[in-house]
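Residues take their numbers from the sequence shown, with the count starting at 1. What you see is a predicted model; the values in this text were computed from it and never measured.
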Amino acid sequence: MGVRSEIQTVTNIEDGGQSMLSRAEIIDEILALAPAGDFGADPGPVRARLWELTSTLIRSYDADEPITVDPMEIYRQRAVPLETAALADFLRGKRVLVTGAAGAVGAEVVEALVNRLPTGSICALDLRESPIPAGAENRVVPVIADIRDIEATGKVFAEFNPEIVYHLAAQREPGLAEFETALTITTNIGGTRNILTLCDQFGVDICVHASTGKAARYYTPDIYAGSKKVAEWMIAEEAPSLSTKIGLVRFTHIAENSIVFDDFRRKVAAGVLNIHEPYRLMYVQSMSEAVALVLNTTLYVDDEDATLVTVGDLGWPLDILRLALHTIAVSGQEVPLCFMGLPAGYEKHTFLGQLDWSDPGKTHPMLNALESDAAHLTEDEGMMISRPSHPAVPVATEIERLCADVECADVEDRSVHKKRLADFLQWGCRATFESSNPAQRMRILMWGCDPDVLAREGATVQDLGPVVPLLVDSLRGARFDAVRDGLNVDRMARTLRGLAEVPELKPMVDEITTVSGGVPTSA
């Protein structure tokens with residue numbers, strides 16, 4: 001008998017009775033009733049039962065904290081101090097160009113430059129006309145141009161002659177990026193390449209580039225994050241040779257400009273709210289933090305490497321399920337909840353070797369383990385400063401090929417674009433691992449692939465995607481002395497044994513040599 005035909009026989013939910021289901025049981029039943037969001041051939045009874053389960057889940061969450069309280073509000077109230085005095089001294093009278101000025105963050109950056117800092121003229125560049133803050137008509141020049149067109153954008157640079165560039169133009173929606181693959185790659189990579197070229201050509205003093213926390217991942221199948229990661233590699237490689245000092249800011253989800261929240265409201269209005277999975281969290285920051293990061297970074301760039309900046313403390317991540325239930329509750333509508341599963345570009349399990357676990361002070365969700373050693377907080381602890389990790393081999397030529405391949409391919413040929421970007425990202429990921437010392441790579445492997453840890457997470461090595469084979473492959477031929485390298489010999493042996501059980505990894509693991517002259521006390 002199928003699940004849907006058993007709807008009438010499952011446990012009833014009673015407000016005050018003894019048969020109240022637990023949250024986990026409710027979620028399990030929702031998953032069983034509407035797998036992948038499918039209500040089946042007879043959706044009426046399924047929908048009714050889903051609403052019963054959803055309303056009970058709302059009451060359960062409401063018992064912890066009123067469900068009508070906007071869970072985004074706590075993030076909107078957070079701020080990174082804007083270093084107004086120092087910025088005013090530095091930016092006084094300077095010509096500033098903002099790309100993506102019609103976007104949410106870009107418009108706020110322009111507003112801050114106009115109303116809080118004594119800059120000179122401001123060029124607001126975007127694909128559509130940028131808003132001009134009230135009273136700033138004489139200071140802000142809106143320009144419509146496509147950063148993918150270097151000739152058109154070059155004319156803007158030639159006419160305006162900017163001294164400071166804040167580069168926020170991008171295709172920023174991860175879901176849309178999976179469909180607009182060519183636009184995303186050519187904008188986020190090719191467009192950024194054009195901006196770097198023009199900054200150097202026209203003698204721009206400082207360029208601050210907006211990136212994403214998702215680019216901290218060693219490898220990602222996500223088109224949006226992958227394109228941003230390639231842009232970071234390009235920036236990190238070119239920064240030392242440019243006349244322009246380069247800053248790179250990693251944002252996470254912005255509360256006032258929430259794609260997720262907007263999507264939930266649209267779905268509620270349509271009558272069904274489907275979310276990816278029940279047990280997922282996301283980090284959130286405020287618009288105030290985003291604007292301060294962009295502007296403050298101006299003061300922290302140096303003459304050599306690209307400077308990486310992010311929020312010093314992101315706090316606790318947001319429970320996406322609570323946000324979904326809040327959206328339903330405040331709507332006043334009987335809208336059932338269901339789970340559609342992860343779409344393309346999302347990973348179910350996180351590779352825990354992503355973070356540096358050697359010291360709680362180094363563990364930051366917007367930095368990977370290769371970036372943690374160089375990281376330090378600003379004096380007010382509002383920002384974390386580091387250097388972006390990048391491949392140990394030149395990437396500029398490969399990036400030129402990637403962009404040319406995508407530009408030449410049919411704009412609708414998404415599979416070709418995705419494969420081309422994925423191949424490039426895997427190549428760059430392996431080369432990035434090779435930029436670190438083998439002992440550090442072994443620690444990353446142990447943090448991410450310890451069989452005991454994977455078992456607790458309900459994951460296998462195969463669930464972690466290409467990052468593990470790329471990391472293991474980078475260690476072929478390496479020789480480790482546990483004591484000399486500061487590695488826990490038992491954990492290292494356990495990890496390598498577990499990896500050797502995977503047929504495709506065994507030949508690589510067999511080429512890693514370990515020697516134990518003693519057992520260190522830490523991993």
State whether the number of non-hydrogen atoms from other residues, nucleotides or ligands found under 6.0 Å of [X] atom [atom1] is greater than 12.
X	atom1	result
E304	CD	no
E137	CD	yes
I150	CD1	yes
E129	CD	no
E73	CD	yes
D359	CG	yes
R479	CZ	no

Any chance you could measure [X], atom [atom1], to [Y], atom [atom2], to the nearest 0.5 Å?
X	Y	atom1	atom2	answer
L87	R92	CG	CZ	11.0 Å
D373	E371	CG	CD	11.0 Å
T297	L308	OG1	CG	9.0 Å
E173	I223	CD	CD1	15.0 Å

With no hydrogens and no angle check, is any side-chain donor or acceptor of [X] less than 3.5 Å from a backbone partner on [Y]?
X	Y	value
S436	F433	yes
S227	Y224	yes
N437	Q440	yes
T220	D222	yes
T184	A182	no
N188	Q171	yes

Closest non-hydrogen atom pair between [X] and [Y], with its separation:
X	Y	result
V467	C429	CG2-SG, 4.4 Å
S130	A101	OG-CB, 3.4 Å
G315	D313	N-OD1, 2.9 Å

Under 3.5 Å, is there a donor on one side chain and an acceptor on the other for [X] and [Y]?
X	Y	value
T119	R139	yes
Y300	T378	no
T432	H390	no
D450	T495	no
S372	H364	no

Within a strict 4.5 Å, meaning less than it, do heavy atoms of the [X] and [Y] side chains meet?
X	Y	value
I246	T307	no
D200	L196	no
W233	L425	yes
R322	L318	no
Q354	Y218	yes
S389	N368	yes
E83	T298	no
L355	W447	no

Query raised in the report: Run the side-chain contact (heavy atoms from CB on, under 4.5 Å) check on Y219 and L471 step by step: do they pass?
Result: CA-CA 10 Å; Y219 169 79; L471 178 54; over 6 Å; no
Requested in this report: Show your working on side-chain contact (heavy atoms from CB on, under 4.5 Å) between F264 and S258 and close with a plain yes or no.
Outcome: CA-CA 10 Å; F264 285 0; S258 172; over 6 Å; no
Report task. For a side-chain contact (heavy atoms from CB on, under 4.5 Å) with V96, tell me which candidate from V110, I164, V165, L117 qualifies. Result -> I164
Pair [X] + [Y]: basic N to acidic O under 4.0 Å:
X	Y	result
D263	K267	yes
D356	R443	no
E289	R78	yes
R116	E111	no

Report task. Identify whether NZ of Lys or CZ of Arg in R265 sits under 6.0 Å from the centre of the six-membered ring of F261 and within 45° of that ring's axis. Result ->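 Yes, R265 and F261 form such a contact.
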Query raised in the report: Do we get K94 above F90's six-membered ring, with its NZ or CZ under 6.0 Å from the centre and within 45° of the axis?
Result: yes
Return all side-chain donor-acceptor pairs below 3.5 angstrom for residues 205-213, not counting sequence neighbours, or 'none' if the list is empty.
| from | atom 1 | to | atom 2 | distance (Å) |
| --- | --- | --- | --- | --- |
| S211 | OG | E232 | OE2 | 2.7 |
| T212 | OG1 | K214 | N | 3.2 |

Query raised in the report: Could you walk me through whether N194 and T153 pass the side-chain contact (heavy atoms from CB on, under 4.5 Å) check?
Result: CA-CA 8 Å; N194 291 342; T153 309; 5.9 Å; no
**Report entry** Among D305, D302, D303, the one residue meeting side chain to side chain donor-acceptor pair (under 3.5 Å) with K245
**Finding:** D303
Report task. Can you run down the side chain to side chain donor-acceptor pair (under 3.5 Å) pairs that involve residues 394-403, sequence neighbours left out, and say none if there aren't any? Result ->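 Only R193-E400, E398-R401 qualify under side chain to side chain donor-acceptor pair (under 3.5 Å).
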Listed pairs under 3.5 Å, donor-acceptor, residues 154-163 side chains, sequence neighbours left out:
| from | atom 1 | to | atom 2 | distance (Å) |
| --- | --- | --- | --- | --- |
| E163 | OE1 | R95 | N | 2.8 |

Requested in this report: Test Y283 against H253 for side-chain contact (heavy atoms from CB on, under 4.5 Å), laying out the working first.
Outcome: CA-CA 6 Å; Y283 284 97; H253 201 86; over 6 Å; no
